[in-house]
Q: 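Before we start, here is the structure in question, set down as structure tokens.
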Amino acid sequence: MAYNFISAQEAAEMIKNGDTIGMSGFTAPGAPKLISEEIARKAEREHAEGRPFKINVFTGASTSDHLDGVLARANAINMRAPYQNLPDLRKRINAHDVHYFDRHLSEMAQECRYGFYGKFDYAIIEAADITPEGDIILGCGVGNVATYAHMADKIFIELNAKLPHSLLGMHDIYTPADPPYRKEIAIFKPSDRIGSPVLKVDPAKVVGIVRTDSYDCVKPFTEPDELSKKIGSNVVRFLIEEYHRGGIPKEFLPLQSGVGNVANAVLYDLGESTVLPKFQMYTEVIQDAVFELLKKGKCTFASTCSMTFSDKVEEELFANIDYFHDKIVMRPAEISNNPEVIRRLGVIAMNTALEADIFGAVNSTHVLGTKMMNGIGGSGDFTRNAYISIFSCPSTTKGGMISNIVPMVAHADHSEHSVDILVTDQGIADLRHLDPLQRAYEIINNCAHPDYRPLLLDYLKLGKGGQTPHSLQAAFAFHVAFNETGDMRNADFSKFC
């Protein structure tokens, strides 16, 4: 294959206002870096001349400041999907400068192939290497790149010198057929491989290759604080108790874990447990904590969509890649998050909530019901199909002025039908066999902060019957009190009696 090397600026100049671009990667790993920065500079120049310039950006999940950050600051994004997590983009979304639609990550690629979002003008793909046959060895994140590369009219490749050729063999690129021709996805254990180790593209669509030399700039998570440790300890305590009573098979089951400090605290606690056996993971992201578990042998295999390691850990991975080569596989998001596979394997799902209500519904996305935080991500994919679905959050935030256990969630991402276990720093609520009123008492007594338990019990007294005794007049009294006074503890239910 004859390579056409170009500059990032040359690539950006080919992109026009209104173009739709599919980007590789899942979280920061695998996401393009230089071309997106040059697109942002082009947008700034076009805007300065009074000309419109915005593009539609489709990714695997969140990206990095090299992509979402610079494009948001340049006001260069028209449409964005399916997930994001950067403050500059969040501001644009909440100001309606960006049309953001929040999708389950397992659905994004197939919906693109179904034609729901129109044609793709370009795909931009970060690569570790290109084989003599023109196949692409991907980096540390896969996302939806197989579909974007297939659908795009033209392709740019960012060839990253920091990524070793030895990543070859750590990917399993598989795209299911679309209905009505789809067959079973033949993954029966996390280590099964069903696809290609490389991304195959049409060489005629590759219009330019840009050289890069940069790590993903993932910051290491801080050591878990006392609050995160309490939550993590409670999650592990539940798993141990469930394992002892026979609710989890003696071989144990694959785990899925969301991202963040609480998730890392859970994983660190799992690594220290002498009761639970070695385990595998079938998840969408593995972080530094999983890297340590793989080193120790506590986690024996991890199937993921992205290795979201800090730069220091990424360096260690590359220096010892022979050891990890048969312990990690990276898949497209529609496979790593696939409901069929999750349910077949019996994955235990562990995700975080912004808030939960006393009947078990969970809000993962909207602060006070209106402001988008990040998005639903893959939590719905795993929650709805898990062997056991666990959600965790602190009982309070903002110095106690916000209760994360509320009468009714201000935005519902996961209904009570999908939530099995709720965990906070206060304790564990097992909701699996309870009716709505029983769930309410279980959550209030075990998960709510003591400052809020009397208020939540007062709310229950306002219910006028029915299986789920909400008071429609008072359901959002906590949120209203915070908006009006800055403290949910000022909620006054007496006026609703």
Side-chain angles (χ1 to χ4, degrees), residues 23-34 36 59-68 83 85 105 123-130 135-146 148-149 157-173 190 193 195-199 211-221 257 259 264 281-295 299 301-333 335-337 377-378:
M23 308 280 194
S24 66
F26 193 96
T27 68
K33 299 171 176 65
L34 292 190
S36 49
T59 64
S62 57
T63 63
S64 69
D65 194 69
H66 294 292
L67 201 162
D68 278 335
Y83 184 82
N85 70 346
L105 299 186
I124 305 177
I125 304 169
E126 182 177 74
D129 207 350
I130 306 171
D135 298 329
I136 297 172
I137 302 171
L138 294 172
C140 294
V142 179
N144 298 319
V145 64
Y148 298 153
I157 298 173
E158 287 195 0
L159 189 59
N160 191 343
K162 280 287 191 292
L163 301 173
H165 178 91
S166 51
L167 283 168
L168 176 62
M170 296 188 74
H171 304 89
D172 187 46
I173 310 302
R193 294 170 181 265
S196 169
V198 294
L199 174 65
R211 295 186 186 276
T212 68
D213 187 7
S214 174
Y215 284 120
D216 291 308
C217 302
V218 175
K219 295 180 180 178
F221 282 98
S257 176
V259 298
N264 268 310
M281 298 192 71
Y282 194 89
T283 189
E284 55 189 345
V285 171
I286 57 173
Q287 302 174 94
D288 289 5
V290 178
F291 184 80
E292 293 302 318
L293 293 174
L294 287 164
K295 281 170 59 178
C299 177
F301 192 89
S303 170
T304 186
C305 188
S306 173
M307 299 189 296
T308 309
F309 298 145
S310 63
D311 287 356
K312 182 179 179 182
V313 170
E314 198 168 56
E315 286 185 58
E316 186 178 350
L317 167 73
F318 295 158
N320 300 279
I321 201 160
D322 288 346
Y323 174 80
F324 292 98
H325 215 277
D326 63 350
K327 296 175 178 62
I328 300 172
V329 66
M330 290 175 279
R331 311 182 191 275
I335 305 302
S336 68
N337 292 42

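Just so it is clear, the values below take in all heavy atoms, side chains as well, and ignore hydrogens, waters and symmetry mates. Here the structure is a predicted model, which means the values were calculated and not measured.
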Q: Keeping the roles fixed (side chain from Arg331, backbone from Gly195), state whether a donor-acceptor pair exists under 3.5 Å.
A: no

Q: Between His165 and Ile137, is there a donor-acceptor pair closer than 3.5 Å when you use the side chain of the first and the backbone of the second?
A: no

Q: Nearest 0.5 Å, please: how far is NE2 in His171 from CD1 in Ile136?
A: 11.0 Å

Q: Does Thr63 reach the main-chain N or O of Asp68 with its side chain, forming a donor-acceptor pair under 3.5 Å?
A: yes

Q: Could you grab the distance from atom CD1 of Ile173 to atom CZ of Arg193, nearest 0.5 Å is fine?
A: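 Going from the CD1 atom of Ile173 to the CZ atom of Arg193 covers 10.5 Å.
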
Q: How far apart are the closest heavy atoms of Ala128 and Pro164, and which atoms are they?
A: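 Looking at all heavy atoms of both residues, the closest pair is CB-O, 3.6 Å.
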
Q: Rounded to the nearest 0.5 Å, how far apart are CG of Asp135 and CG of Asp129?
A: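 CG of Asp129 is found 11.0 Å from CG of Asp135.
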
Q: If you take all heavy atoms of Pro332 and Cys305, which pair is closest and at what distance?
A: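 In this case the closest contact between Pro332 and Cys305 is C-SG, 4.1 Å.
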
Q: Do Asp288 side-chain atoms and Ser310 backbone N/O form a donor-acceptor pair below 3.5 Å?
A: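 Yes; at least one donor-acceptor contact below 3.5 Å.
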
Q: Check step by step if side-chain contact (heavy atoms from CB on, under 4.5 Å) holds for Met307 and Leu167.
A: CA-CA 12 Å; Met307 299 189 296; Leu167 283 168; 4.2 Å; yes

Q: Where is the tightest heavy-atom contact between Tyr323 and Asp326, given as atom of each residue plus distance?
A: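 Taking Tyr323 first and Asp326 second, the nearest heavy atoms are O-OD1, 3.5 Å.
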
Q: If I take atom SG from residue Cys299 and atom CD1 from residue Ile286, how far apart are they, to the nearest 0.5 angstrom?
A: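 Going from the SG atom of Cys299 to the CD1 atom of Ile286 covers 8.0 Å.
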
Q: Show me the donor-acceptor pairs, under 3.5 Å and distance only, between side chains in residues 211-221 and residues at least two apart or in other chains.
A:
residue: Asp213; atom: OD1; partner: Lys162; partner atom: NZ; Å: 2.8
residue: Asp216; atom: OD1; partner: Lys33; partner atom: NZ; Å: 3.0

Q: Minimum heavy-atom separation for Ile125 and Leu138, please, with both atom names.
A: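 Result for this residue pair: CG2-CD2, 3.7 Å.
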
Q: Counting N and O atoms only, with roles assigned by atom type, does the side chain of Ser24 sit under 3.5 Å from a partner on the main chain of Glu126, one being a donor and the other an acceptor?
A: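 Answer holds: yes.
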
Q: Give me the atom names and distance for the closest heavy-atom approach of Ala127 to Ile157.
A: CB-CG2, 3.8 Å

Q: Specify whether Phe291 and Phe309 have parallel, tilted or perpendicular ring planes, treating 30° as the upper limit for parallel and 60° as the lower limit for perpendicular.
A: perpendicular

Q: Which pair of non-hydrogen atoms, one from Asn85 and one from Ser62, has the smallest distance, and what is that distance?
A: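 So the two residues come closest at OD1-CB, 3.3 Å.
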
Q: Should Glu315 and Lys312 count as an ion pair when the cut-off is N to O under 4.0 Å?
A: no

Q: Using side-chain heavy atoms (C-beta onward) and a distance below 4.5 Å, is Phe318 in contact with Leu163?
A: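 Counting from C-beta outward, Phe318 and Leu163 do come under 4.5 Å.
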
Q: Checking Thr304 side chain against Glu284 main chain: does a donor-acceptor pair fall under 3.5 Å?
A: yes

Q: To the nearest 0.5 angstrom, please state how far the CE atom of Met23 sits from the CD1 atom of Ile124.
A: 4.0 Å

Q: Which distance, rounded to the nearest 0.5 Å, do you find between the CD1 of Ile328 and the CZ of Phe301?
A: 8.0 Å

